[in-house]
Novice: 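Just passing along the structure, written as structure tokens.
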Amino acid sequence: MPPRHWLMKVEPSAYTIDDLERDGHTGWEGVRNYQARNLLRDEIQVGDGVLFYASNASPSGVAGIAEVVTAGYPDPLQFRKGDDYYDAKATPEKPIWYSVDIAFVERFPAVLPLADLKANPKLRKMMVVKRGMRLSVQPVTAAEFAEVCRMGRHATR
DNA sequence: GCCAACGTTGGC
DNA sequence: GCCAACGTTGGC
């Protein structure tokens with residue numbers, strides 16, 4: 001399977017591309033949506049490209065690039081009693097939620113705003129530009145990934 | 001802060 | 001299994 005491409009959302013209050021640049025890599029934890037879980041568990045592979053998307057931001061948009069460095073594994077937070085992401089129904093034998101690890105690749109000179117993605121006809125089919133699209137892990141085509149990288153490298157504040 | 005869109009919960 | 005109520009997401 002050739003590397004695929006994904007867009008992953010996170011709010012800047014939780015984690016930023018600067019945090020990822022500092023940390024080098026991080027566990028993508030706390031995803032609590034079944035559709036996104038299925039992608040993390042079943043589809044996402046080492047070497048896949050990631051568009052790092054800042055949501056609920058000003059502006060919201062793609063902040064940089066990351067790369068998947070582990071396949072899906074059980075999200076440790078589901079077992080951590082008291083944690084916001086604790087899930088009493090999950091057990092180590094039957095985990096419910098999954099994570100992957102991602103590594104920093106590149107930080108765009110500025111956030112590439114969602115509005116710019118929407119304005120690019122080549123990106124008309126991207127999930128993230130569609131109204132009401134809340135999925136926090138989304139598949140992205142190779143062509144879309146390349147186009148967003150190209151735009152992001154020219155992003156200016 | 002508003003509110004539309006969506007996902008989940010729970011009564012029946 | 002339906003679906004209304006509720007909670008969350010997330011752009012603006």
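The sequence lines fix the lettering, A, B, ..., with proteins before strands; numbering per chain opens at 1. As the structure is a prediction and not an experimental result, all values here were calculated from the model.
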Novice: Taking only side-chain N and O atoms of R131(A), does any of them lie within less than 4.0 angstrom of OP1 or OP2 on dA4(B)?
Specialist: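 Checking dA4(B) against R131(A), no side-chain N or O comes under 4.0 Å of OP1 or OP2.
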Novice: In whole angstrom, give the distance that lies between atom CE of M133(A) and atom P of dG11(C).
Specialist: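 Roughly 11 Å, once rounded to whole Å.
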Novice: Search all heavy atoms of R4(A) against all heavy atoms of D48(A) and return the closest pair with its distance.
Specialist: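 Distance-wise, the nearest heavy atoms are N-OD1, 2.8 Å.
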Novice: Does a nitrogen or oxygen in the side chain of S60(A) sit under 4.0 Å from OP1 or OP2 of dG11(C)?
Specialist: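 Yes, such a contact exists.
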Novice: To the nearest Å, give me how far apart CG (L135(A)) and C1' (dT8(B)) are.
Specialist: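 From L135(A) CG to dT8(B) C1': 15 Å.
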Novice: What I want to find out is whether R32(A) reaches D75(A) closely enough, with some N-O distance under 4.0 Å, to be called a salt bridge.
Specialist: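 Yes.
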Novice: Report yes if at least one side-chain N or O of K9(A) is closer than 4.0 Å to OP1 or OP2 of dG10(C); otherwise report no.
Specialist: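 Checking K9(A) against dG10(C): at least one side-chain N or O falls below 4.0 Å of OP1 or OP2.
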Novice: What is the distance from NZ of K118(A) to P of dG11(C), rounded to the nearest Å?
Specialist: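 These atoms are roughly 8 Å apart.
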Novice: K130(A) near the nucleic acid: base, sugar-phosphate alone, or nothing, with a heavy-atom cut-off under 4.0 Å?
Specialist: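 Touches nothing.
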Novice: Rounded off to whole Å, could you give me the OH-to-C1' distance for the Y34(A) and dG7(B) pair?
Specialist: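 Atom-to-atom, Y34(A) to dG7(B), this comes out as 11 Å.
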Novice: L114(A) has an atom CG; how far is it from atom P of dG10(C), in whole Å?
Specialist: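 It is 12 Å, rounded to the nearest whole Å.
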Novice: Verify side-chain hydrogen bond (donor to acceptor under 3.5 Å, both in side chains) between D42(A) and Y98(A), making sure each step is shown before the conclusion.
Specialist: CA-CA 10 Å; D42(A) 305 332; Y98(A) 281 76; over 6 Å; no
Novice: What is the separation between atom CE on M127(A) and atom P on dA5(B), rounded to the nearest whole Å?
Specialist: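 It works out to 17 Å between those atoms.
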Novice: Of R134(A) and N56(A), whose nearest nucleotide on DNA chain B comes first from the 5' end?
Specialist: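 Whichever sits nearer the 5' end wins; that is N56(A).
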Novice: Are any of Y53(A)'s side-chain N or O atoms less than 4.0 Å away from OP1 or OP2 of dT9(C)?
Specialist: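 So the side-chain polar atoms of Y53(A) never come under 4.0 Å of the phosphate oxygens OP1 or OP2 of dT9(C).
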Novice: Just the rounded figure in Å: distance from C1' of dT8(B) to CH2 of W97(A).
Specialist: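 Checked: the CH2 to C1' distance equals 10 Å.
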Novice: Are Y53(A) and W6(A) an aromatic pair by the rule of ring centers under 6.0 Å?
Specialist: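 No - the distance between ring centres of Y53(A) and W6(A) does not fall below the 6.0 Å cut-off.
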Novice: In terms of relative ring orientation, are F145(A) and H5(A) parallel, tilted or perpendicular, with 30° and 60° separating the classes?
Specialist: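 Aromatic pair F145(A)/H5(A) classed tilted.
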Novice: May I have the distance from N33(A) (atom CG) to dG10(C) (atom P), rounded to whole angstrom?
Specialist: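 In whole Å, dG10(C) P and N33(A) CG are 9 Å from each other.
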